[in-house]
Trainee: 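Next up is a structure, given as structure tokens.
These numbers come from a predicted model, not from an experiment. Hydrogens, waters and symmetry mates play no part in the numbers below; they use all other heavy atoms, side chains included.
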Amino acid sequence: QVQLVESGGGLVQPGGSLRLSCAASGRFFSTYTMGWYRQAPGKQRELVAAITSGGNTNYADSVKGRFTISRDNAKNTVYLQMNSLKPEDTAVYYCKAHLIYWGQGTQVTVSS
């Protein structure tokens, strides 16, 4: 069982930035593909960004050029740097590990 704890969400104005963190338990973090997903009210959960154990990344078209996913295997942590935030980025953001483990989510609200 892998425990995931997200942090870093909050309220930000359009055009602002936030950095989300997801700390994972266990000894095998470096071998996991890690992902960030989001779910807005009334919408399905969607993939935002993912990073493999080898550092390969992929992004949803809607966030390319604005968001950056990274990982620090020494800290068992994956990050999502979000820049140029838009109101449509408002959602609960979830961390996912090894394709099966979910965190509890952190709220991101982009509003003036």
Side-chain angles (χ1 to χ4, degrees):
Q1 187 75 8
V2 175
Q3 306 295 326
L4 301 170
V5 179
E6 299 104 331
S7 60
L11 173 64
V12 63
Q13 292 187 342
S17 298
L18 283 174
R19 188 176 81 154
L20 305 183
S21 300
C22 172
S25 65
R27 299 185 293 130
F28 301 107
F29 175 83
S30 64
T31 69
Y32 296 157
T33 290
M34 299 296 297
W36 284 99
Y37 291 72
R38 68 185 180 188
Q39 188 167 18
K43 295 188 176 182
Q44 289 189 331
R45 193 172 297 188
E46 62 175 358
L47 174 68
V48 176
I51 184 167
T52 67
S53 59
N56 294 317
T57 59
N58 68 284
Y59 297 91
D61 287 343
S62 59
V63 307
K64 281 181 181 176
R66 299 189 298 123
F67 290 11
T68 302
I69 189 171
S70 61
R71 65 191 300 159
D72 185 337
N73 291 334
K75 296 182 178 180
N76 274 24
T77 300
V78 63
Y79 304 98
L80 185 67
Q81 178 67 44
M82 305 186 294
N83 299 329
S84 302
L85 282 161
K86 305 175 181 180
E88 51 264 44
D89 294 318
T90 295
V92 178
Y93 283 71
Y94 298 90
C95 179
K96 189 176 186 180
H98 201 38
L99 305 180
I100 58 175
Y101 301 108
W102 290 98
Q104 82 287 352
T106 185
Q107 176 70 46
V108 172
T109 302
V110 185
S111 175
S112 55

Trainee: Between Y93, W102, Y94, which is the residue that forms a ring-ring contact (aromatic ring centres under 6.0 Å, His included) with Y37?
Mentor: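 Of the listed residues Y93, W102, Y94, the ring-ring contact (aromatic ring centres under 6.0 Å, His included) partner of Y37 is W102.
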
Trainee: Calculate, to the nearest 0.5 Å, the distance between atoms CG and CD1 belonging to N56 and I69 respectively.
Mentor: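 Spacing of CG (N56) from CD1 (I69) equals 11.5 Å.
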
Trainee: Enter the distance from T90:OG1 to Q107:CD here, rounded to the nearest 0.5 Å.
Mentor: 7.0 Å

Trainee: Where do S53 and S30 come nearest, in terms of heavy atoms and distance?
Mentor: CB-O, 3.1 Å

Trainee: With no hydrogens and no angle check, is any side-chain donor or acceptor of E6 less than 3.5 Å from a backbone partner on Q104?
Mentor: yes

Trainee: Quick one: does R27's side chain get under 4.5 Å of N76's, heavy atoms only?
Mentor: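 Side-chain contact under 4.5 Å: no.
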
Trainee: Treating Ile, Leu, Val, Met, Phe, Trp and Tyr as nodes and any side-chain heavy-atom pair under 4.5 angstrom as an edge, say whether F28 and V5 lie in one connected cluster.
Mentor: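 No; V5 is not reachable from F28 via cluster members.
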
Trainee: Find out whether L47 and N58 are in side-chain contact, i.e. whether some heavy atom of one side chain is under 4.5 Å from a heavy atom of the other.
Mentor: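 Yes, at least one pair of side-chain atoms sits under 4.5 Å.
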
Trainee: Which heavy atom in R66 sits nearest to a heavy atom in S84, and how many Å separate them?
Mentor: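 Where R66 meets S84 most closely, the heavy atoms are NH1-O, 2.9 Å.
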
Trainee: State yes or no: do F67 and I51 share one hydrophobic cluster built from I, L, V, M, F, W and Y residues joined by side-chain heavy-atom distances below 4.5 Å, directly or via other members?
Mentor: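 Yes, one cluster joins them.
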
Trainee: If Ile, Leu, Val, Met, Phe, Trp and Tyr residues are connected whenever their side-chain heavy atoms lie under 4.5 Å apart, and connections chain through other members, are V78 and I100 in the same group?
Mentor: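 Yes, V78 connects to I100 through the hydrophobic network.
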
Trainee: Is R71 close enough and on-axis enough to Y32, meaning under 6.0 Å and within 45°, for cation-pi?
Mentor: no

Trainee: Going by an N to O cut-off under 4.0 Å, is there a salt bridge joining K86 and D89?
Mentor: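 No, no charged N to carboxylate O under 4.0 Å.
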
Trainee: Report the distance from atom OG1 of T57 to atom CE of M34, rounding to the nearest 0.5 Å.
Mentor: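 With rounding to 0.5 Å, OG1 (T57) is 14.5 Å from CE (M34).
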
Trainee: Looking only at heavy atoms, which two atoms of L4 and A24 are closest? And how far apart?
Mentor: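 Taking L4 first and A24 second, the nearest heavy atoms are CD2-CB, 3.5 Å.
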
Trainee: Roughly how far, to the nearest 0.5 Å, is OG1 of T31 from NE2 of H98?
Mentor: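 It is 6.0 Å, given to the nearest 0.5 Å.
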
Trainee: Taking side chain as C-beta onward, heavy atoms only, is W36 less than 4.5 Å from C95?
Mentor: yes

Trainee: Check this for me: Q44, atom CD, are more than 12 non-hydrogen atoms of other residues, nucleotides or ligands nearer than 6.0 Å?
Mentor: no

Trainee: Once rounded to the nearest 0.5 Å, what's the spacing between atom OG1 of T68 and atom CG of L80?
Mentor: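 Going from OG1 on T68 over to CG on L80, the span is 8.0 Å.
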
Trainee: Would you list the atom pairs, donor with acceptor, under 3.5 Å between side chains in residues 9-22 and any protein atom, with sequence neighbours excluded?
Mentor:
unit_1, atom_1, unit_2, atom_2, d
S17, OG, N83, OD1, 2.9

Trainee: Quick one, K75 and F29 - any side-chain contact, counting heavy atoms below 4.5 Å?
Mentor: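 No, every pair of side-chain atoms sits at 4.5 Å or beyond.
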
Trainee: Check whether any side-chain heavy atom of M82 lies under 4.5 Å from a side-chain heavy atom of V108, and answer yes or no.
Mentor: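 Side chain of M82 against side chain of V108, heavy atoms only: contact under 4.5 Å found.
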
